[in-house]
Amino acid sequence: MLDLVNLTFSAYFKKTLGFSVSAFILRCKPEEGRELLQYTDKSISTISEFLCFSSQSHFHTAFKKQFGMTPSEYRKRTCNT
């Protein structure tokens, strides 16, 4: 029964918004990481772990894909402005 509810929710989510739940989560996590990089002094490793990325490398890849720069580059740019 629970699988049917999840399937129905996932199908409704994708039909309504045009992308899957997992794509939404993968989009939100780097955005949250960006906020943490800008407004905290937490290490990139800590942020990666906090956001439940499987590795720091995975966070790095997802962040760069979404924002066109690495987390380190982003932090340097935001701290120098």
Side-chain angles (χ1 to χ4, degrees):
M1 176 79 171
L2 188 57
D3 287 339
L4 181 59
V5 171
N6 284 337
L7 180 61
T8 303
F9 173 75
S10 294
Y12 177 78
F13 190 97
K14 186 166 186 165
K15 182 179 179 184
T16 303
L17 299 176
F19 46 86
S20 68
V21 174
S22 60
F24 176 74
I25 292 168
L26 284 175
R27 188 169 135 202
C28 289
K29 288 167 71 172
E31 288 177 7
E32 181 65 23
R34 182 176 63 175
E35 297 290 316
L36 291 168
L37 287 165
Q38 187 170 359
Y39 298 113
T40 73
D41 61 354
K42 294 182 186 307
S43 71
I44 293 170
S45 176
T46 300
I47 292 170
S48 171
E49 191 174 317
F50 176 75
L51 295 173
C52 300
F53 278 94
S54 59
S55 67
Q56 186 174 336
S57 175
H58 188 217
F59 173 57
H60 176 96
T61 302
F63 193 94
K64 187 168 184 174
K65 181 178 180 182
Q66 189 160 334
F67 299 113
M69 66 183 83
T70 67
S72 298
E73 291 168 339
Y74 181 81
R75 180 168 266 168
K76 285 177 190 172
R77 287 186 186 182
T78 59
C79 288
N80 293 331
T81 58

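Keep in mind the model is a prediction, meaning the values are calculated, not measured. Hydrogens, waters and symmetry mates are skipped; everything else that's a heavy atom, side chains included, is used.
Contact detail for Phe63 and Gly33: the closest heavy-atom pair is CE1-C, 4.4 Å. Of all heavy-atom pairs spanning Ser43 and Arg75, the tightest one is CA-NH1, 4.3 Å.
Under the 4.5 Å side-chain contact rule for hydrophobic residues, Leu36 and Met69 share a cluster.
Between Thr78 and Leu37, the closest side-chain pair of non-hydrogen atoms is not below 4.5 Å. In this structure, Phe67 and Tyr74 have side chains that are not in contact, with every pair of non-hydrogen atoms separated by 4.5 Å or more. Between Phe53 and Pro30, the closest side-chain pair of non-hydrogen atoms falls below 4.5 Å. No side-chain heavy atom of Leu26 sits under 4.5 Å from any side-chain heavy atom of Lys65.
Screening residues 19-38 for salt bridge (Lys or Arg N to Asp or Glu O under 4.0 Å), with sequence neighbours left out, gives Arg27-Glu31. Among residue pairs with one or both ends in residues 8-21, none qualify as salt bridge (Lys or Arg N to Asp or Glu O under 4.0 Å); sequence neighbours excluded.
Phe19 and Phe24 have parallel rings, their planes meeting at less than 30° on a 0 to 90° scale where 60° marks the start of perpendicular.
More than 12 heavy atoms of other shown residues, nucleotides or ligands fall within 6.0 angstrom of atom CZ in Phe13. Other residues, nucleotides and ligands place more than 12 heavy atoms under 6.0 Å from the CD atom of Glu73.
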Going through the checks in order, is the side-chain hydrogen bond (donor to acceptor under 3.5 Å, both in side chains) test met by Ser55 and Ser57?
CA-CA 5 Å; Ser55 67; Ser57 175; 4.6 Å; no
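Not one N or O on the side chain of Ser48 forms a donor-acceptor pair closer than 3.5 Å with the backbone of Ile44.
In this structure, the separation between CD on Gln56 and NE2 on His60 is 9.0 Å, given to the nearest 0.5 Å.
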